[in-house]
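So the structure is just underneath, and the comments pick up after that.
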Amino acid sequence: MDKIIEILKAQRIGPGAILANVKSLKSFALPPNPRYPIIFVDIVQEVRTHKFTGMDSVKRDIAVNVFTKMKDKQVALKRNVLMADKARQTLFANADFNGSVYNVDYRGIVYGQLTAGAELLFGSSVQFEADSWEVLAAA
């Protein structure tokens with residue numbers, strides 16, 4: 001999760017930053033009063049398999065969620081899906097997540113309308129599966 005956030009944050013600042021208009025970038029928990037657009041990274045599922053002594057094979061289903069306020073429906077949908085695609089491009093330009101995974105399978109982008117309190121939002125979810133090895137702590 002930290003590597004994904006690190007990669008996305010690098011595209012929020014500096015010259016040529018393709019995610020410059022993202023106001024908030026979070027993992028695990030949304031802030032109580034988020035400023036939109038927001039990117040929220042979440043682990044949907046994690047499966048661990050003991051492959052070798054002292055090492056696990058870990059398969060994670062990860063979702064990079066993009067939320068934008070809906071003002072003009074056509075403009076908001078286009079903006080939301082474009083931002084989700086930019087996040088996807090950024091992650092797959094760094095496909096090994098700075099050496100933290102050995103395989104990434106892209107699953108697709110799902111999008112739709114949702115509400116948060118009284119606000120109507122568009123949400124897109126870039127979904128992928130990442131495989132990594134994790135060394136177990138010695139007992």
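Computed over heavy atoms, backbone and side chain alike; hydrogens, waters and symmetry mates excluded.
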All salt bridge (charged side-chain N to carboxylate O under 4.0 Å, His left out) counterparts of [X], not counting sequence neighbours:
X: Asp131; value: Lys59
X: Asp105; value: none
X: Lys9; value: none

* **Gln113 CD to Asn80 CG distance, which is reported to the nearest 0.5 Å** =>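 Output value for this atom pair is 10.5 Å.
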* State the CD1-CG distance between Ile4 and Asp42, to the nearest 0.5 angstrom. =>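 Nearest 0.5 Å value for the CD1-CG distance: 10.5 Å.
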* To do: Find out whether Val47 and Val58 are in side-chain contact, i.e. whether some heavy atom of one side chain is under 4.5 Å from a heavy atom of the other.
  =>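 A side-chain contact is absent here, since even the closest heavy-atom pair is not under 4.5 Å.
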* Val126 vs Leu91 side-chain heavy atoms within contact, under 4.5 Å ->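 With C-beta onward as the side chain, the pair stays apart.
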Test of understanding: with side-chain contact (heavy atoms from CB on, under 4.5 Å), list the residues that count as partners of [X], not counting sequence neighbours.
X: Ser125; answer: Ala63, Asn65, Gln127
X: Gln74; answer: Asp72
X: Arg79; answer: Asn21, Pro37, Met83

* To do: Kindly work out whether a path of hydrophobic side-chain contacts (I/L/V/M/F/W/Y, heavy atoms less than 4.5 Å apart) joins Val75 to Leu82.
  =>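 They do not share one cluster, since no chain of ILVMFWY contacts under 4.5 Å joins Val75 to Leu82.
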Please list, chain by chain and in numerical order, all residues satisfying side-chain hydrogen bond (donor to acceptor under 3.5 Å, both in side chains) with [X], sequence neighbours excluded.
X: Lys78; result: none
X: Asp85; result: Arg88, Gln89
X: Glu46; result: Arg48, Arg60

* How is the hydrophobic cluster of Tyr111 composed, in terms of its other members, when Ile, Leu, Val, Met, Phe, Trp and Tyr link through side-chain heavy atoms under 4.5 Å apart, directly or indirectly? ->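 Met70, Leu77, Val81, Leu120, Phe122, listed by chain and number.
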* Asked: How does the hydrophobic cluster around Met55 look, that is, which other residues are in it when side-chain heavy atoms under 4.5 Å mark a link?
  ->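 Phe52, Tyr102, Trp133, Val135, which link up through side-chain heavy atoms under 4.5 Å apart, make up the rest of the cluster.
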* To do: Identify, with sequence neighbours excluded, every residue that meets ring pair (Phe, Tyr, Trp, His ring centres under 6.0 Å) alongside Phe97.
  =>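 For Phe97 the ring pair (Phe, Tyr, Trp, His ring centres under 6.0 Å) partners, ignoring immediate neighbours, are Phe128.
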